[in-house]
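Input: a single structure, listed below in structure tokens.
All values below come from the heavy atoms of this structure, side chains included, with hydrogens, waters and symmetry mates left out. Since the structure is predicted, the reported quantities are computational estimates derived from the model, not experimental observations. In each ligand, atom 1 is the first atom listed, and ligand 1 is the first ligand listed.
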Amino acid sequence: MRLRDRVAMVVGGGQTAGQTIGNGRAMATLFAREGATVVVADRDLASARETVAMIEAEQGRAVVQELDVRDDGMCAAAVEACVARSGRLDVLVNNVGIGTGDGSVTRITDEAWDLIYEVNVKGALHTCRHALPVMRRQESGVILNISSIASICSAPILAYKSSKAALNALTHTLATSNAKYGIRANAILPGLMNTPMAIESISKARGVSREELIATRDAQVPLRGGMGSAWDVAHAALFLASDEARFITGVLLPVDGGQSARIG
Ligand SMILES: NC(=O)c1ccc[n+]([C@@H]2O[C@H](COP(=O)([O-])OP(=O)(O)OC[C@H]3O[C@@H](n4cnc5c(N)ncnc54)[C@H](O)[C@@H]3O)[C@@H](O)[C@H]2O)c1
């Protein structure tokens with residue numbers, strides 16, 4: 001019960017439909033198992049409700065919150081509703097991330113670039129803007145930004161990669177400027193994960209079978225066993241959200257089976 005009596009908001013706590021569990025849903029589920037009351041915030045209400053139903057089926061505590069991170073007013077209302085309901089907000093997870101229409105410098109459109117930045121960077125700015133005053137009043141709080149190893153490794157997806165690098169920079173700034181309030185901010189950098197966001201979405205976009213894509217990605221991971229799962233991200237998130245990580249802030253933690261450590 002490492003998050004006993006804590007209130008956590010997982011933004012992007014629904015998931016892309018598919019055969020496996022996504023990072024946001026796994027984090028919400030694990031946090032609830034560890035005693036937190038979880039606000040499952042998502043643009044996709046049906047998916048957020050599914051996450052809440054799964055948590056409640058295990059006797060966990062969770063509530064649905066409709067939220068589009070692009071809308072600053074909705075982010076303000078979500079934090080307000082959380083505080084009105086539970087009196088506090090201990091953990092904020094910015095899990096939403098997209099790569100829609102991404103490509104190389106010569107191929108990406110301004111519209112695709114703007115959308116990716118609006119969701120991946122400005123979205124986190126919006127949620128943090130409203131969560132921070134609450135956490136400062138409490139003199140405690142944890143912010144977890146879900147970035148990607150694409151932010152530090154070579155990747156042909158320019159807007160996604162650079163938006164996640166901006167999220168890393170936001171994490172550093174959040175950590176340094178809020179340390180005096182007892183607030184910690186860290187980022188998790190997932191590598192190749194077997195989640196629907198990666199497998200179902202990419203196999204559809206590239207026109208390759210699920211099995212073929214899984215085999216290719218498994219072979220790229222240095223650590224024996226192939227890709228990671230959303231539970232690997234969730235366990236790292238649980239550690240960083242818990243008091244066990246009380247002296248850890250401003251860290252960018254790869255969860256990638258050694259992929260970012262490999263040169264060549
Ligand atoms: N899965 C991977 O292989 C992988 C690898 C590296 C990094 N990541 C990062 O992990 C995070 C997501 O992982 P996941 O498996 O939970 O993905 P997911 O797609 O399953 O879940 C993301 C959720 O965000 C919601 N969402 C999308 N746009 C939104 C918006 N504007 N406002 C509110 N909600 C919105 C979606 O409805 C969805 O439920 C992303 O930040 C992604 O960049 C994933």
Starting from Tyr117, walk the hydrophobic network (Ile, Leu, Val, Met, Phe, Trp, Tyr; side-chain heavy atoms closer than 4.5 Å) and list everyone else you reach, by chain and number.
Val105, Ile108, Trp113, Val121, Leu158
Could you walk me through whether Ser47 and Asp42 pass the side-chain hydrogen bond (donor to acceptor under 3.5 Å, both in side chains) check?
CA-CA 8 Å; Ser47 188; Asp42 208 289; 5.5 Å; no
Would you mind writing out the side-chain donor-acceptor pairs for residues 72-89 within the sub-3.5 Å range, not counting sequence neighbours?
from	atom 1	to	atom 2	distance (Å)
Asp72	OD1	Arg129	NH1	3.1
Asp72	OD1	His130	NE2	2.9
Asp72	OD2	His130	NE2	3.4
Arg88	NE	Asp90	OD1	3.0
Arg88	NE	Asp90	OD2	3.2
Arg88	NH2	Asp90	OD1	2.8

Using side-chain heavy atoms (C-beta onward) and a distance below 4.5 Å, is Thr51 in contact with Gln15?
no
Between Leu213 and Ile199, which heavy-atom pair has the shortest distance, and what is it?
CD2-O, 3.5 Å
Distance dump, ligand 1 polar atoms to protein, N/O, under 3.5 Å:
from	atom 1	to	atom 2	distance (Å)
ligand 1	1 (N)	Thr195	OG1	2.5
ligand 1	10 (O)	Asn23	ND2	3.2
ligand 1	13 (O)	Asn23	ND2	3.1
ligand 1	15 (O)	Asn23	N	2.9
ligand 1	16 (O)	Asn23	N	3.2
ligand 1	16 (O)	Gly24	N	2.9
ligand 1	16 (O)	Asn95	ND2	3.0
ligand 1	19 (O)	Thr16	OG1	2.6
ligand 1	20 (O)	Thr16	N	2.9
ligand 1	31 (N)	Asp68	OD1	2.9
ligand 1	32 (N)	Val69	N	3.0
ligand 1	34 (N)	Arg43	N	3.3
ligand 1	37 (O)	Asp42	OD1	2.6
ligand 1	39 (O)	Gln15	N	2.9
ligand 1	39 (O)	Asp42	OD1	3.3
ligand 1	39 (O)	Asp42	OD2	2.7
ligand 1	41 (O)	Asn95	O	2.8
ligand 1	41 (O)	Gly97	N	3.4
ligand 1	41 (O)	Ile146	O	3.4
ligand 1	41 (O)	Lys164	NZ	2.8
ligand 1	43 (O)	Tyr160	OH	2.5
ligand 1	43 (O)	Lys164	NZ	3.0

Please name all residues satisfying salt bridge (Lys or Arg N to Asp or Glu O under 4.0 Å) with Arg61, sequence neighbours left out, ordered by chain then number.
none
